Amino acid sequence: MIRVGVLGPVGSGKTSLIEFLTRYYAKKFRVAILTNDVVSSYDAMRIYENLVRKDGILPKDNLLGIVTGGCPHTAIREDPSLNLRALETLEARVKPDLVFIESGGDNVMSTFSTALADYTIFVLDTSAGDKYPEKGGLGISESDLLVINKVDLAPYVNADLEKMRKGSMKVRKGKPTIFVSLKSGEGIDDLLKVLNEELGLETSPKG
Ligand SMILES: Nc1nc2c(ncn2[C@@H]2O[C@H](COP(=O)(O)OP(=O)(O)O)[C@@H](O)[C@H]2O)c(=O)[nH]1
Ligand SMILES: [Mg+2]
């Protein structure tokens, strides 16, 4: 089971990314999703509605949502026990090849415990301004992959993508950064190419 942690600020596109990747990978692999929300089961309910009920992409047993309380980074870093237990439940229920774990949404310092995630994707979006990624933060610099989402909005918020690209190179020391729009589809091929390579997912069959 490959555990992919998805984190980043509220509204950057974490759930949208997980929904997109699940649609893609579920054709070949057993995919499960574990969401973290601070006070509700909102994301789990949204994913249930879209992927389970409407589109039938995800069996309902493959989805689990937990409520972390007000400090979402604690549940993915200092004390991931709630998430680890939820993963055990998913493992026993569906034996997934691939699990996406969505953080409840946090600031740029947020990171996943290595006990919980094998690979981490930090999601930023252009509408937060082009001061990031250069302004830095542990999550931005240390994540395995930085996804900068909502490039379609960049012109409306005067976000200079070249500045963001340079900033990212500066703080991430060679680790990959991909620019996408989950709305228009721009950059998606690059994203899948990097993820397939990094996760070694191209060849292993569903079984
Ligand atoms: N314009 C635009 N909106 C997007 C894009 N990706 C996601 N959104 C919207 O941004 C909002 C927050 O997305 P969501 O996936 O819920 O973010 P999360 O809080 O990080 O999980 C939603 O209204 C999405 O429809 C994108 O690439 N472009
Ligand atoms: Mg979300």
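What you see is a predicted model; the values in this text were computed from it and never measured. Each ligand, and each atom within it, is numbered from 1 in the order the structure gives.
Considering backbone and side-chain N/O atoms, G11 comes within less than 3.5 Å of an N/O atom of ligand 1. The distance criterion of under 3.5 Å between nitrogen or oxygen atoms is met by L182 with respect to ligand 1.
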- prompt: Going through the distances and angles, do K170 and E134 end up as a salt bridge (Lys or Arg N to Asp or Glu O under 4.0 Å)?
  reply: CA-CA 7 Å; K170 200 162 150 191; E134 190 173 2; 2.6 Å; yes
query: So R165 and E162, salt bridge (Lys or Arg N to Asp or Glu O under 4.0 Å) or not? Walk me through it.
result: CA-CA 5 Å; R165 196 179 305 278; E162 201 40 46; 3.5 Å; yes
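In this structure, atom 19 (O) of ligand 1 has a protein heavy-atom contact shorter than 4.0 Å. For atom 23 (O) of ligand 1, no protein non-hydrogen atom is found at a distance below 4.0 Å.
Checked against N36 for a side-chain hydrogen bond (donor to acceptor under 3.5 Å, both in side chains), the options D106, N83, T68 give a single hit: N83.
Remark: the backbone N or O of N107 is not paired with any side-chain donor or acceptor of S110 at under 3.5 angstrom. K175 places a side-chain N or O within 3.5 Å of a backbone atom of S141 that can act as its donor or acceptor partner.
L64 and F100 are assigned to two separate hydrophobic clusters, defined by single-linkage of ILVMFWY side chains at heavy-atom distances under 4.5 Å. No chain of hydrophobic side-chain contacts below 4.5 Å, direct or via other Ile, Leu, Val, Met, Phe, Trp or Tyr residues, connects L90 to Y48. A single hydrophobic cluster is not seen to contain both L201 and I101; linkage of ILVMFWY side chains at heavy-atom distances under 4.5 Å, directly or through other members, places them apart.
In this structure, the protein non-hydrogen atom closest to atom 25 (O) of ligand 1 is S16 OG, 4.5 Å. Atom 2 (C) of ligand 1 has D152 OD2, 3.5 Å as its closest protein atom, hydrogens excluded (heavy atom only). Shortest contact from atom 6 (N) of ligand 1 to any protein heavy atom: N149 ND2, 3.0 Å.
In the candidate list K150, R46, K183, K150 is nearest to atom 8 (N) of ligand 1, counting heavy atoms.
Of the angles at the Mg ion (ligand 2), the one spanning OD2 of D43 and OE2 of E102 is 80° when given to 10°.
Residue T15 counts as close to the Mg ion (ligand 2), with an N, O or S atom under 2.8 Å. Under 2.8 Å from the Mg ion (ligand 2) lies no N/O/S atom of D37, from backbone or side chain alike.
Every heavy atom of G105 sits 4.0 Å or more from the atoms of ligand 1.
Near S181, the atoms of ligand 1 lying under 4.0 angstrom from a non-hydrogen atom of the residue are 27 (O). Shown in contact with G13 at under 4.0 Å from a heavy atom are these atoms of ligand 1, numbered in order with element: 13 (O), 14 (P), 15 (O), 17 (O), 18 (P), 20 (O). Contact atoms of ligand 1 toward E102: 21 (O) (distance under 4.0 Å to a heavy atom of the residue).
Using a 4.5 Å heavy-atom threshold, the side chains of I121 and L195 count as touching.
Residue L153 touches ligand 1 through its side chain alone, judged by heavy-atom distances below 4.0 Å.
Salt-bridge annotation for D97 and K28: absent, with no side-chain N of the basic residue lying under 4.0 Å from a carboxylate O of the acidic one.
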